[in-house]
Amino acid sequence: MMKRLVPTFNRILVQRVIQPAKTESGILLPEKASKLKSGKVIAVGPGSRDKDGKLIPVSVKEGDTVLLPEYGGTEVKLGEKEYHLFRDEDVLGTLHED
């Protein structure tokens with residue numbers, strides 16, 4: 001049976017992207033070479049409400065690649081896979097391919 005997690009409020013479910021330890025040409029990278037923490041958005045909540053009750057939508061969508069803080073988020077394990085829950089305002093930005 002497959003589990004599916006739907007985040008509440010302004011939370012997003014992210015699967016961290018593991019940075020390669022070796023370049024395409026075979027050069028081994030030191031462990032601290034890439035401090036860039038990124039992840040793929042798996043699911044998003046509906047958003048939060050302002051003081052007047054109006055819905056403030058989440059700023060990212062499913063499938064986006066986002067830049068994450070080094071620390072934070074709540075670790076969630078679904079089956080064999082690890083995910084992290086972050087609040088929308090904790091995301092540092094989105095990454096786009098040129």
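The chain is numbered in sequence order, starting from 1.
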- [ ] For the pair Tyr83 and Leu5, evaluate side-chain contact (heavy atoms from CB on, under 4.5 Å) and give the outcome as yes or no after the intermediate values.
- [x] CA-CA 10 Å; Tyr83 301 96; Leu5 177 66; over 6 Å; no
Open item on the list: Measuring only between side-chain heavy atoms, which start at C-beta, is Asn10 closer than 4.5 Å to Ile56?
Closed with: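 No, too far: nothing below the 4.5 Å cut-off.
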What is the distance from atom [atom1] of [X] to atom [atom2] of [Y], rounded to the nearest 0.5 Å?
X	Y	atom1	atom2	value
Thr65	Leu95	OG1	CG	6.5 Å
Phe86	Leu68	CZ	CG	4.5 Å
Ile42	Leu85	CD1	CG	11.5 Å
Leu78	Gln15	CG	CD	10.0 Å
Ile12	Glu89	CD1	CD	10.0 Å

Task: Worked verdict on Arg16 versus Glu82 for side-chain contact (heavy atoms from CB on, under 4.5 Å) - done: CA-CA 8 Å; Arg16 287 195 186 253; Glu82 267 187 30; over 6 Å; no
Task: Residue pair Leu55, Arg49: steps toward the side-chain contact (heavy atoms from CB on, under 4.5 Å) verdict - done: CA-CA 5 Å; Leu55 185 66; Arg49 303 235 176 232; 3.7 Å; yes
Open item on the list: Looking at Ser59, is its backbone amide N or carbonyl O close enough to the side chain of Asp88 to form a donor-acceptor pair, meaning the two atoms are under 3.5 Å apart?
Closed with: yes
- [ ] Could you tell me whether the side chain of Asp50 and the main chain of Asp52 form a donor-acceptor pair under 3.5 Å?
- [x] yes
Open item on the list: I need the minimum non-hydrogen distance between Pro46 and Pro7, along with the two atoms involved.
Closed with: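 Closest approach of Pro46 to Pro7, heavy atoms only: CD-O, 3.9 Å.
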